[in-house]
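In what follows, chains carry the letters A, B, and so on, assigned in the order in which the sequence lines appear, proteins first and then strands, with residues in each chain numbered from 1.
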Amino acid sequence: MSLYIYNSLKRIKQLFEPLEADTVRMYVCGPTVYDYPHIGHAKSYITFDIVVRYLRHLGYRVKYVQNITDVGHLLDSGEDRIMRGARREKVDPMELVERYTRAYFEAMDALNILRPDISPHAAAHVPEQIEMVEKLIAGGYAYEVNGSVYFDVSRWPKYGILSGRDVNDQQAGARVDVNPEKKHPADFALWKKADPEHLMQWNSPWGRGYPGWHIECSVMSMKYLGQTLDIHGGGMENQFPHHECEIAQSEAATGVPFVRYWMHHNMVLVDSVKMSKSLGNFTTVAEALKKHPAMHIRFFVLQTHYRSPVDFSDSVIQSAGQGYQRLLNTYMLLGRLAGSEIAEGAPEDVREMCRSVISAFQDQMDDDFNTPNAIAVIFDFSRQINKYITESEKPEPSSLALLCETYKKMAGDVLGLLPGRLEEERPAKPFIELLIEIRRVLRSEKNWALSDRIRDQLAELGVSVKDSKNGSEWDYQM
RNA sequence: GGCGGCGUAGCCAAGCGGCUAAGGCGGAGGUCUGCAAAAUCUCUAUUCGUCGGUUCGAUUCCGAUCGCCGCCUCCA
């Protein structure tokens, strides 16, 4: 089977074929760095992390660009988000940007989200944005009014192609007051005139000002990926107007298709209502990480398809965490048993089992990144492995190594759900092993009281001990 | 008003024309075990918001209806 992606532009799943055979050019709308990242960001970037990882797993060279918005993204009040943040924290706008860009990457790193290959800042690409605005004016697609430049939607009949809207059916001013400078309420700003007190402003052919929000994505994506992108991703709430505007301005400027596959993920809800900063009901990633291990959050997100909304609550993440722990236990068991064995020469029946599991896994991922089903495949695999290990007298070392490798490929490389190294830094290891050894003697003497006490106290210190006929296993608890 | 999405077991969640409606959590019982944990086995939706229609056949398609949610100038 081949990879099919749900293309929001066509509203169907389509066979994925990049423009250039082995390379995928992918752009995802990044954060506006004026506050701490929240779990909505987590869902978004986990979603596209999976896309990147899976495409790489399939052998593509993926060039992944994700912008950092640090200018021009306004609040409904018309205030620039960055300036609002800077005022709130009494720092320079660019200090604020630096602060929250770091916070953003720290949060994403914690969730095991691979960093983009390029993270361009909007404020660092103002000349390019001015250039594109000039091009649009020259082409007759934009007009200047009083130092601001607007895209003329009437000159672009295809406006609405992505969101399926007719601009004339929309409620002008539904949320933000209509700007009288515009010829049509649907026209959108490419360049905005700046008041003298506006902290972020640049010289332009139209006077001092700053770029509109949509233009940065067009400019930076095309600068680093070329005029036609294979994949452009983002949240559903940005489908209109943001992505619609990107298409209009990009295609008006270049005359070629801007994006071949549009991917939109669904929202995070809290008590069934959208979580957003404007509603004030958001949970930051840092807060969530205090309550839940990062992998539990990641697993929780991946147990829902990316085009479905996810209702965030502590109890559902805990439930997900229980399931995750089972998957992790199998992996740790395999890791311990396989040690440094190599998979070379594993018997045919085990090879066959791994082949069919990988194939089932890929079938699910090929179907528009169906991670819930892909995880179900791993649960089945986990059960098979546990049975194999308990039922065989002495499991084949090469088989164990192959199973471990296969497990890691799916759960680790593609889904990003496994710890990087099984043997973390363990300064306490020799001491724990000493206790385990003492406990072994106590148990052989049937001194249950003391051996149980050691087990209980180790548990309190974060070390779980599991006894079996063949001795005791221990591990750090997640 | 316009555009779009969603309603599947106690909870989370796949499936979207036809095998017994995946998987996870929780629950019940069994195996293993000094106990605990882990692991494993069995059971846990005659039914997919409601009502019609199309069809040999619908959770899946169409229509209506109820409920929930998102977007409509700049929220991941």
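- For A/E89, the salt bridge (charged side-chain N to carboxylate O under 4.0 Å, His left out) partners are A/R99, not counting sequence neighbours.
- Contact check, A/N266 against B/rG5: no side-chain N or O comes under 4.0 Å of OP1 or OP2.
- In this structure, A/R298 places its CZ atom 20 Å from P of B/rA76, rounding to the nearest Å.
- With the nearest nucleotide of RNA chain B identified for both A/T330 and A/A189, A/T330 has the one nearer the 5' end.
- Checking B/rU31 for Watson-Crick or G-U wobble geometry (two distances, each under 3.5 Å) identifies B/rA39 as its partner.
- Residues meeting the salt bridge (charged side-chain N to carboxylate O under 4.0 Å, His left out) test with A/R440, sequence neighbours left out: A/E437.
- Taking only side-chain nitrogens and oxygens, A/S163 never comes nearer than 4.0 Å to OP1 or OP2 of B/rC71.
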When every nucleotide of nucleotides 16-28 of chain B is labelled 5' to 3' by its protein contacts under 4.0 Å (heavy atoms), B for base, S for sugar-phosphate only, - for none, what sequence of letters results? ------BSSSS--
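- Residue A/T32 places at least one side-chain N or O closer than 4.0 Å to OP1 or OP2 of B/rA76.
- Separation of the C1' atoms belonging to B/rG49 and B/rC69 is 15 Å when rounded to the nearest angstrom.
- Using a 4.0 Å cut-off, no side-chain N or O of A/K466 falls inside it from OP1 or OP2 of B/rU33.
- Residues from residues 447-459 of chain A lying near RNA chain B, meaning a heavy-atom separation below 4.0 Å, are A/W448, A/D452, A/R455 in numerical order.
- Distance noted for atom C1' between B/rC61 and B/rG18: 14 Å (whole Å).
- Among the protein residues, A/F300 comes within range of no part of the nucleic acid, since none of its heavy atoms lies under 4.0 Å from any strand.
- Remark: A/R102 pairs with A/E98 by the salt bridge (charged side-chain N to carboxylate O under 4.0 Å, His left out) rule, at least two apart or across chains.
- Across all strands shown, B/rC71 forms a Watson-Crick or G-U wobble pair with B/rG2, both key distances being under 3.5 Å.
- Taking 4.0 angstrom as the limit, A/N370 places none of its side-chain polar atoms (N or O) nearer than this to OP1 or OP2 of B/rA14.
- With sequence neighbours excluded, the residues forming a side chain to side chain donor-acceptor pair (under 3.5 Å) with A/S8 are A/H264, listed by chain and number.
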